[in-house]
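The block underneath contains the structure these notes are about, expressed in structure tokens.
A quick note: this is a predicted structure, and the numbers were derived from the prediction, not measured.
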Amino acid sequence: QVQLVESGGGLVQAGGSLRLSCAASGRTFSSYAMGWFRQAPGKEREFVATINWIGGSTKYADSVKGRFTISRDNAKNTLYLKMNTLKPEDTAVYYCAARMTTGWGIAEKEYEYWGQGTQVTVSS
């Protein structure tokens, strides 16, 4: 079992920055890959970014590439998402998820455990 708790969401103006955190507990954090997904009002949940077990390989959605950075600190059992140059279209509930294998994945169905989500609102 893995428990995930996101934090760091909030209200920010367009062009601003936020850093989301996801604290993991349960199974050894360094043994599995992680990802960030988001769901905007009235839309399906979508992939944002993913990272492999040791942090050496990452993948981003085209919509956030160059603005968002996913990282992890295995010593602290924590996943991060640094979001720069935020846009109103980035407004969503952001979820972290754990994939019980070492390689990253971009599909929701590849992830077994999910956090409860944290709201990010970007005002124009």
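For the atom pair Ser17 OG and Lys82 NZ, the distance stands at 5.0 Å (nearest 0.5 Å). Within the model, atoms CG of Leu20 and CZ of Phe68 stand 8.0 Å from one another, a figure rounded to the nearest 0.5 Å. Atoms CZ and CZ, on Phe47 and Phe37 in that order, are 6.5 Å from each other to the nearest 0.5 Å. To the nearest 0.5 Å, atoms OH (Tyr60) and CD1 (Ile106) are separated by 14.5 Å. One finds the CG atom of Leu79 at 7.0 Å from the OG atom of Ser71 (value rounded to the nearest 0.5 Å).
In the hydrophobic clustering of this structure, Met83 groups with Ile70; members are Ile, Leu, Val, Met, Phe, Trp, Tyr whose side-chain heavy atoms approach within less than 4.5 Å, directly or through other members.
Judged by distance alone, with hydrogens and angles left aside, the side-chain atoms of Glu112 form a donor-acceptor pair with the main-chain N or O of Met100 at under 3.5 Å.
Applying the salt bridge (Lys or Arg N to Asp or Glu O under 4.0 Å) criterion to Lys65, with sequence neighbours excluded, gives Asp62. Contacts of Glu89 classified as side chain to side chain contact (heavy atoms under 4.5 Å, CB included), with partners at least two apart in sequence or in another chain: Lys87.
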Return a table of donor-acceptor pairs under 3.5 angstrom between the side chains of residues 6-15 and protein atoms on other chains or two or more places apart.
from	atom 1	to	atom 2	distance (Å)
Glu6	OE1	Gln116	N	3.0
Glu6	OE1	Gln116	NE2	3.4
Glu6	OE1	Gly117	N	2.9
Glu6	OE2	Cys96	N	2.9
Glu6	OE2	Gly117	N	3.2

Between side-chain atoms of residues 27-36 and protein atoms elsewhere (two or more places apart, or another chain), which donor-acceptor pairs fall under 3.5 Å?
from	atom 1	to	atom 2	distance (Å)
Ser31	OG	Thr28	O	2.6
Trp36	NE1	Tyr80	O	3.2

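Residue pairs meeting the salt bridge (Lys or Arg N to Asp or Glu O under 4.0 Å) criterion with at least one member in residues 66-81, sequence neighbours excluded, are Arg67-Asp90. Counting only residues at least two apart or in different chains, side-chain hydrogen bond (donor to acceptor under 3.5 Å, both in side chains) contacts with residues 45-55 comprise Arg38-Glu46, Arg45-Glu108, Thr50-Tyr111.
Ile51 has its side chain out of reach of Trp104: every pair of non-hydrogen atoms, C-beta onward, lies at least 4.5 Å apart.
Looking at every heavy atom in both residues, Val48 comes nearest to Tyr94 through CG2-CE2, 4.4 Å.
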